[in-house]
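Note sheet for the following structure.
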Amino acid sequence: MHGFWKPRVLGAWQVPATGPLILAINHSHNIDGPMVMGTAPRPVHFLIKKEAFTGPLGAFLRGIGQLEVDRMRADRTAITRALGVLERGGVLGIFPEGTRGEGDFASLRAGLAYFAVRSGAQIVPVAVLGSTDRKGRLVHGLPPLRGRVDVVFGAPFTAGDGSGRRTRKALDDATVRIQEQLTAHLENARRSTGR
């Protein structure tokens, strides 16, 4: 990432050095995941759509510890592998909106709340800003080479209410808490970067 663009990383000191952790990242461009992977202070395992795991790219993604997920069904294998990352004290990267969009955390899926409540892992909000500001001259689908992309890590928080309950209501309440935290972080990140 540092070879193609100029990432400016803010708040990385807030990422806990050890223990299970979930990075909740906004998603507006294809480079958002690789940008976080390349700038995070700890190795990150992402849930990535199974369609990306083809040919040499698939072998590469598996080799660097990324997790294949079938988004069209409840993929128990992917869920088990993701929980395994957290049980081993690793970092799981999730795009809570499930797919690329405006990157504003407006509509969250329940997956993030499930992993956070089930594992007890803290969540660190991450805002990637600038990846969609301008198109590159050589490759229109990418930001301009050597263009600045901001990656802003927020303060860790827990999603659960402390009861350890995993009921539908507990997950719904956790989703509301998560959305409030992520939205507030995105606003602060935009203010601090001027984007």
Side-chain angles (χ1 to χ4, degrees), residues 1-48 86 90-109 111-113 115-117 119-137 139-161 173-195:
M1 293 297 107
H2 290 275
F4 292 110
W5 295 282
K6 290 192 247 178
R8 179 171 63 167
V9 181
L10 304 171
W13 59 270
Q14 298 186 90
V15 176
T18 60
L21 190 65
I22 300 171
L23 299 183
I25 305 125
N26 68 324
H27 195 23
S28 56
H29 196 283
N30 282 335
I31 70 157
D32 296 342
M35 186 63 68
V36 171
M37 244 187 275
T39 60
R42 291 175 61 186
V44 183
H45 303 271
F46 275 93
L47 286 166
I48 299 174
L86 297 171
V91 180
L92 181 64
I94 295 181
F95 298 112
E97 295 170 291
T99 188
R100 229 174 22 258
E102 295 299 313
D104 57 3
F105 297 122
S107 60
L108 302 189
R109 291 183 158 191
L112 174 56
F115 287 120
V117 171
S119 69
Q122 292 187 87
I123 299 170
V124 170
V126 183
V128 179
L129 304 170
S131 57
T132 59
D133 288 354
R134 297 180 305 142
K135 293 183 179 205
R137 288 190 332 218
V139 181
H140 296 297
L142 294 174
L145 291 177
R146 305 303 300 149
R148 192 180 88 208
V149 177
D150 293 323
V151 181
V152 185
F153 294 89
F157 66 93
T158 53
D161 60 5
D173 292 346
T175 300
V176 169
R177 280 191 292 280
I178 290 168
Q179 187 159 29
E180 289 169 355
Q181 292 278 345
L182 298 182
T183 301
H185 172 67
L186 186 58
E187 289 171 9
N188 290 335
R190 285 181 173 148
R191 201 169 26 256
S192 66
T193 61
R195 290 188 182 260

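Treat the numbers as computed from the prediction; the structure is a model and nothing was measured.
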Any heavy-atom pair between the side chains of [Y] and [X] that's under 4.5 Å?
X: Leu112; Y: Phe95; answer: no
X: Val126; Y: Asn26; answer: no
X: Thr193; Y: Arg8; answer: yes
X: Pro7; Y: Asp150; answer: no
X: Val124; Y: Leu21; answer: yes
X: Pro125; Y: Phe157; answer: yes
X: Val128; Y: Val149; answer: yes

What is the minimum heavy-atom distance between [X] and [Y], and which atoms define it?
X: Val151; Y: Met35; answer: CG2-CG, 3.5 Å
X: Pro156; Y: Gln122; answer: CB-OE1, 3.3 Å
X: Ala40; Y: Leu23; answer: CB-CD1, 4.4 Å
X: Ala113; Y: Ile178; answer: CA-CD1, 3.7 Å
X: Phe153; Y: His185; answer: C-CE1, 3.6 Å
X: Ile123; Y: Ala24; answer: CG2-CB, 3.9 Å

Taking [X] for its side chain and [Y] for its backbone only, find out whether a donor-acceptor pair lies under 3.5 Å.
X: Ser192; Y: Ala189; result: yes
X: Arg42; Y: Pro16; result: yes
X: Arg148; Y: Lys6; result: no

When rounded to the nearest 0.5 angstrom, what distance separates [atom1] in [X] from [atom2] in [Y]?
X: Arg191; Y: Leu186; atom1: CZ; atom2: CG; value: 10.5 Å
X: Ile22; Y: His45; atom1: CD1; atom2: NE2; value: 13.0 Å
X: Thr175; Y: Asp173; atom1: OG1; atom2: CG; value: 8.5 Å

Practice prompt. Could you walk me through whether Phe46 and Ile25 pass side-chain contact (heavy atoms from CB on, under 4.5 Å), step by step?
Written response: CA-CA 11 Å; Phe46 275 93; Ile25 305 125; 3.5 Å; yes
